[in-house]
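Start at 1 and go down the list; that is how both ligands and their atoms are numbered.
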Amino acid sequence: MKTYKIAIVPGDGTGPEVIAEGMKSLDAAASRFGFKLDTTDFDFGGARYLKTGEVLPDTAISDLRGFDSIYLGAIGHPDVKPGILEKGILLRLRFELDQYINLRPVKLYPGVECPLKDKGPEHIDFVVVRENTEGLYAGAGGVLKKGTPDEVAIQESINTRKGVERCIRYAYEYCQRRNKRKELTLCGKTNVLTFAWDLWERTFNELAPEYSDVKTNYAHVDAITMWFVKNPEWFDVIVTDNMFGDIITDLGAMIQGGMGIAAGGNINPEGVSMFEPIGGSAPKYTGKNVINPLAAISAAGLMLEHLGENEAAAAIESAVIEMTSKHLKGLAAGKMGMGTSDVGDKVAGLVAG
Ligand code: IPM
Ligand code: MN
């Protein structure tokens, strides 16, 4: 029997609650589809940092390299200054494990209330491939004369040919594998950010002949936010840089029903990948049994798909669809018509078959 070694990082806030619910569906999928999960918990997060003063232990990265996948809840603590945990844990894991793709499906499931007038599941089904290791997130820049009237703050966007090319190649290949409309849209800002986006656009166009079955398109990032609202049905797969991807996928999450349902994968196709609900740690809902675990459960589904357990992944997605179409009143925290753990139990029951 196939065994997968999974590192569990529940993290902060509602992270542990939603991961616990996701584990129920993972266990149900494992027994139904005949594989084993060998899990190890890691306590990385705000609570550990406040107690020990250490954001990540030195051995964390090398330990995590020994796993098949990482299942992450949420990082972010109200008593820790913004940036410390985000950069010290989440971004550090993405960078050091070279998870150069952030894959974020935007799919409106039946029964989910969409804030867009006259749009339904037939209009909202696309995937954003966000570059996940470069751009403005690389941390290049610096400050001069801090706190004085002459202060200078520089934040540079790093775009390497290698980083851009591997991301765009992944997007073309993903678009082929997905095999829906086979249309890849590059989302950038070629009219203003003429250094970075010239590299992106040239690379995108140079690679296109290698994937001649994929239609190509381009949209400026500002325009794409407009199209997400007006014509989301235009999109199949979108590829973009780290910062733009961060921004447009929050909008994407809203049109698919909110943070309660949005999941993503930080993927290193040649290494260890990490799957997470994309909403934050939601401190105000912590411990109240009101947070929606469907995003974490969907992230577990993405993880199984990545591991090659396609049937199990499909069973999780069907169970989530059954929940949204038949059982849940809403997707927002406290508005589901049932508690966090009831949702987790019910999904796991459906996954078990
Ligand atoms: C996300 C988050 C992170 C990001 C933060 C928490 C660092 O917003 O996963 O989209 O900006 O990438
Ligand atoms: Mn974000």
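Using a 4.0 Å cut-off to heavy atoms of Arg94, the atoms of ligand 1 that qualify are 1 (C), 4 (C), 9 (O), 12 (O). Near Tyr137, the atoms of ligand 1 lying under 4.0 angstrom from a non-hydrogen atom of the residue are 4 (C), 11 (O), 12 (O).
By the 4.0 Å N-to-carboxylate-O rule, Arg94 lies close enough to Glu276 to be salt-bridged with it. Taking a cutoff of 4.0 Å between a charged side-chain nitrogen and a carboxylate oxygen, Lys107 and Glu317 qualify as a salt bridge. Using a cutoff of 4.0 Å between basic side-chain nitrogens and carboxylate oxygens, Glu165 and Arg169 are scored as salt-bridged. Using a cutoff of 4.0 Å between basic side-chain nitrogens and carboxylate oxygens, Asp342 and Lys346 are not scored as salt-bridged.
Using a non-hydrogen distance threshold of 4.0 Å, Lys87 does not register as a contact of ligand 1. No heavy atom of Met243 sits closer than 4.0 Å to any atom of ligand 1. Distances shorter than 4.0 angstrom occur between a heavy atom of Asp246 and an atom of ligand 1.
Remark: side-chain polar atoms of Thr340 are paired, donor with acceptor, to backbone N or O of Asn289 under 3.5 angstrom.
Backbone and side-chain nitrogen or oxygen atoms of Asn102 are examined, and none is located within less than 3.5 angstrom of a nitrogen or oxygen of ligand 1. For the pair Glu86 and ligand 1, the shortest N or O to N or O distance does not fall below 3.5 Å.
The shortest contact between atom 5 (C) of ligand 1 and any protein heavy atom is with Leu90 CD2, 4.2 Å.
With a 4.0 Å cut-off on non-hydrogen atoms, Arg104 touches ligand 1 through its side chain and not its backbone.
Inclusion of Asp246 in the first shell of the Mn ion (ligand 2) is supported: an N, O or S atom falls under 2.8 Å.
A side chain to side chain contact (heavy atoms under 4.5 Å, CB included) with Phe244 is found for one member of Val128, Thr225, Leu193, Leu136 and no other, namely Leu193.
A donor-acceptor pair shorter than 3.5 Å cannot be found between the side chains of Ser325 and Tyr109.
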